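Report on the structure given below.
Every number for a ligand or one of its atoms is a count from 1 in the order of the listing. All values reported here derive from a predicted model rather than from experimental measurement. No hydrogens, no waters, no symmetry mates; every other heavy atom, side chains included, goes into these values.
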Amino acid sequence: MTGDLAAFVRGLPKAELHLHLEGTLEPELKFMLAQRNGVELAEKTVAEVKATYRFHDLTSFLRVYYPAMRVLQQPRDFHDLAFDYLTRAHADGVRHVEMFFDPQAHTGRGVPFHTVISGYRSAIVAARREFGISAELILCFLRDHSAEYAMATLLEALPYKDWIIGVGLDSDERGNPPSKFADVFARARQEGFLLTMHCDIDQTDSIEHIRQAIEDIGVDRIDHGTNIIEDDRLVELAKSSGLALTCCPVSNSFVTNRMKADEITALLDRGLVVTVNSDDPSYFDAYAADNYLALARQADLGVEHLVRLAENSFRASWIPAAKLERYLHDIREYVAAYS
Ligand code: HPA
Ligand code: ZN
């Protein structure tokens, strides 16, 4: 199996739950969109773009991430971005994906909310028709902006409720705790959205932020959240309630000095619903299957752990029970055929 592990992982049915659509912008598409929209770029080659991908923490990553988005202007730009990602995800064995988008990163520079979401939505419909992949959208608020701006964005999204399964919280966590957005998340819950939020790796107040997310906000899932391992009480709380974590090993190795493979594996072994995801795959050069493989290599995981991670990805997702059973059945059939 060792030689075949990559092929096994790529074919293994899986869901991806921590994926920023704006983080899937590959340099080639960036050039194409820049040309389409008459945007002048400082970098002229893929190598030059990639040379700017030097991050040492979340903040330095975000400084490269947001300016790149100015090439996204028309509905078809957002369509192309999402469709390209869904094409790659399908090739990686991803059957279902719940994708973040950052409307404020676009509305804040004058691109209407409708432009953004209609482009993403048409890609979801097209990819489902073409590949049978199912996809949902999660609207993320930018936590380094005000709670009032987040609330205004939530209200702007209400006419598109049927296209959005949940809300999340991303961008720079320093000094921006979950509690800052308590009212926004309460209103989102009232409107029927599911709730998740980033508790990024090794933040100044990681444990307190995780506690707030679980106990004060009542989230349905946590994005990253790996630092929970430092607090036994929170680990037991997450375990007893089945609260899932969307871990991103390769991303961790870019914004910290390690993949946190030992922590991720320990949490998995302690019975938490741990999942593996790509976060911002074009920036970290690793899509879904690459992340499973990187973790497996780093923590010396075998088929049993990889299958559990794939099962967890569907258990942690926001799909109906019947669909969950079908995917778990597909995993069992796939594994049986392989061995
Ligand atoms: N954390 C916070 N903001 C982000 C991330 C992340 O992992 N990816 C893209 N925006
Ligand atoms: Zn993220």
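- Looking at Glu173, Arg143, His18, His198, it is His198 that brings a heavy atom closest to atom 6 (C) of ligand 1.
- Using a 4.0 Å cut-off between a side-chain N of Lys or Arg and a carboxylate O of Asp or Glu, Arg233 and Glu215 qualify as a salt bridge.
- The nearest heavy-atom contact from the protein to atom 8 (N) of ligand 1 is Asp280 OD2, 2.8 Å.
- Of the protein's non-hydrogen atoms, His20 NE2, 3.4 Å is the one closest to atom 5 (C) of ligand 1.
- Surrounding CG of Asp183 are at most 12 heavy atoms belonging to other residues, nucleotides or ligands under 6.0 Å away.
- Checked against the Zn ion (ligand 2), the N, O or S atom of His198 at the shortest distance is NE2.
- Look at Asp279 and the Zn ion (ligand 2): an N/O/S atom of the residue is under 2.8 Å from the metal.
- Between Glu311 and Arg308 there is no salt bridge, since no side-chain N of the basic residue sits under 4.0 Å from a carboxylate O of the acidic one.
- Look at Arg36 and Asp80 and you find a salt bridge, because one of the NZ, NE, NH1 or NH2 atoms lies within 4.0 Å of a carboxylate O, short of that distance.
- Judged by the shortest distance from any of its heavy atoms, Tyr65 lies inside the 4.0 Å radius around the atoms of ligand 1.
- Residue contacts with ligand 1 for Asp223 are absent, since no atom lies close enough (heavy atoms, distance under 4.0 Å).
- Of the listed residues (Asp92, Leu309, Leu306), just one forms a side-chain contact (heavy atoms from CB on, under 4.5 Å) with Val9, and that residue is Leu306.
- One option in Asp102, Asp170, Asp279, Ile201 has a heavy atom closer to atom 7 (O) of ligand 1 than any other, and that option is Asp279.
- Between Phe181 and Phe141, the distance separating the two ring centers is not shorter than 6.0 angstrom.
- Nearest protein heavy-atom neighbour of atom 3 (N) of ligand 1: Ser171 N, 2.9 Å.
- At a cut-off of 2.8 Å, Cys248 is not counted among the residues with an N, O or S atom near the Zn ion (ligand 2).
- Look at Asp220 and Arg189 and you find a salt bridge, because one of the NZ, NE, NH1 or NH2 atoms lies within 4.0 Å of a carboxylate O, short of that distance.
- Ring geometry for His18 against Phe100 counts as perpendicular: the plane angle is over 60°, on a 0 to 90° scale with 30° as the lower cut.
- Considering only non-hydrogen protein atoms, atom 1 (N) of ligand 1 sits nearest to Asp200 OD1, 2.9 Å.
- Using a 4.0 angstrom heavy-atom cutoff, Glu22 does not count as in contact with ligand 1.
- In summary, His20 places an N/O/S atom under 2.8 Å from the Zn ion (ligand 2), meeting the contact criterion.
- For the pair Asp232 and Arg270, the salt-bridge criterion is met [side-chain N within less than 4.0 Å of a carboxylate O].
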